[in-house]
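Here the structure is laid out as structure tokens; the discussion comes afterwards.
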Amino acid sequence: MDERPIGLMDSGLGGLSVMRVLHKQLPRESLIFVGDQGHFPYGTKSQEELQHLVLNIGHFLVDQGIKMMIVACNTATGAALPLLQRVLPVPVIGVIEPGAIAAVHHHLQTVGVIGTASTIAKGAYPATIHRLDPQMKVFSHAAQEMVPIVEHGLTGTPQAQTTVNSALAFFDQHPVDGLILGCTHFPFLTPEIQQKMSSDVLLIDPAYETIKQAQTTLTDRDLLANQGTGTIKLFTTGERAELVAGAERWLTGQFTSCDHVDL
Ligand code: DGL
């Protein structure tokens, strides 16, 4: 039993799509989240820049006394997961391998992957999927323009649907059975994405498999919290009001505090 918090990070609001699953599945866990809005977006940055930013956040979270870190960002996972796992004194879990495992579990013949420019250029999803299932056909496509729609609170608007329609037009010529939402901002565009893709295309949110892995790691190391309801502390390197607005919407206001931090 271990009441220390779990640390999470993202470039912005996307990480809240992982937090909401984590809080639902493991409500006793206390969480600390850093949204790096001060350096948003991540998807167009170099690997070196990303490693520097993410490592900095990892050290901050360790200083807050976390027992485990979840990199709730595909771009950060692709650029910095092995580095974090090597350097930080706590277990670190990313979202890409769980997303690939989830796709393989569904026995799809053809899967699409959408993510930031960085995630798609890096190719970690096809590489991981093909390690698990060399037969699966994978179509990867960058949809960076969908990220600011979520970050700037525009989901559910006609602009959101227009942006999704044009970002995913690639799949008109490349039909898929399932689509991995390989950016943590994208689950918040689920209605728009499902509207654009045929209704029988399965949308895969890697958060569920990620939280399953987190639960296994905590259980195996005897790190689960087992009393009360956990607290949720939010930090942003950007405007506090923007993270508060995002958390009111996507965490339905379930957070304990929200503060600005310079990192
Ligand atoms: N939410 C992020 C991801 O999962 C990054 C979005 C961005 O900042 O470009 O990749």
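The structure displayed is predicted, hence computed values, not measured ones. In listed order, ligands and their atoms are each counted from 1.
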Please verify the inter-ring angle class for Phe40 with His185; under 30° counts as parallel, over 60° as perpendicular, anything in between as tilted.
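Aromatic pair Phe40/His185 classed tilted.
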
How are the rings of Trp250 and Phe188 set relative to one another: parallel (under 30°), tilted (30 to 60°) or perpendicular (over 60°)?
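Answer is parallel, since the angle falls under 30°.
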
If you have a sec, work out which protein heavy atom is nearest [atom] and how many Å separate them, to one decimal?
atom	value
atom 9 (O) of ligand 1	Gly43 N, 2.8 Å
atom 3 (C) of ligand 1	Asn74 N, 3.3 Å
atom 5 (C) of ligand 1	Ser11 OG, 3.5 Å
atom 10 (O) of ligand 1	Thr75 OG1, 2.6 Å
atom 1 (N) of ligand 1	His185 ND1, 2.8 Å

Does ligand 1 have any atom that is closer than 4.0 Å to a heavy atom of Gly12?
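No.
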
Do Thr116 and Asn74 have side chains that get closer than 4.5 Å, going by heavy atoms?
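No, too far: nothing below the 4.5 Å cut-off.
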
Answer yes or no: is there a side-chain heavy-atom contact under 4.5 Å between His141 and Ile120?
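Heavy-atom side-chain distance check fails, nothing below 4.5 Å.
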
In plain terms, say whether Asp177 and Lys137 are close enough for a salt bridge, that is, a side-chain N and a carboxylate O under 4.0 Å apart.
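Lys137 and Asp177: not salt-bridged.
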
Distance from Asp10 atom CG to Tyr42 atom OH, nearest 0.5 Å?
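Asp10 atom CG to Tyr42 atom OH measures 7.5 Å (nearest 0.5 Å).
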
Is ligand 1 under 4.0 Å from a heavy atom in the side chain of Asp10, in the backbone, in both, or in neither?
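Looking at Asp10 and ligand 1, just side chain atoms fall under 4.0 Å.
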
For ligand 1, does Glu151 get within less than 4.0 Å through its side chain, its backbone, both, or neither, judged by non-hydrogen atoms?
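Looking at Glu151 and ligand 1, no heavy atom falls under 4.0 Å.
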
Out of all atoms in ligand 1, which are within 4.0 Å of some heavy atom of Val147? Include the element for each.
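Close to Val147: 6 (C), 7 (C), 9 (O).
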
What atoms of ligand 1 come closer than 4.0 angstrom to any heavy atom of Phe40?
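Near Phe40, the atoms of ligand 1 are 8 (O).
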
Check the pair Thr163, Glu145 against side-chain hydrogen bond (donor to acceptor under 3.5 Å, both in side chains), reporting the backbone distance first and the verdict last.
CA-CA 7 Å; Thr163 304; Glu145 62 271 45; over 6 Å; no

Do any nitrogen or oxygen atoms of Tyr42 lie less than 3.5 angstrom from nitrogen or oxygen atoms of ligand 1?
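It does: an N or O of Tyr42 is found under 3.5 Å from an N or O of ligand 1.
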
Give a yes or no on this: more than 12 heavy atoms of other residues, nucleotides or ligands lie within 6.0 Å of atom CZ of Arg221.
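Atom CZ in Arg221 is not crowded, with 12 or fewer foreign heavy atoms closer than 6.0 Å.
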
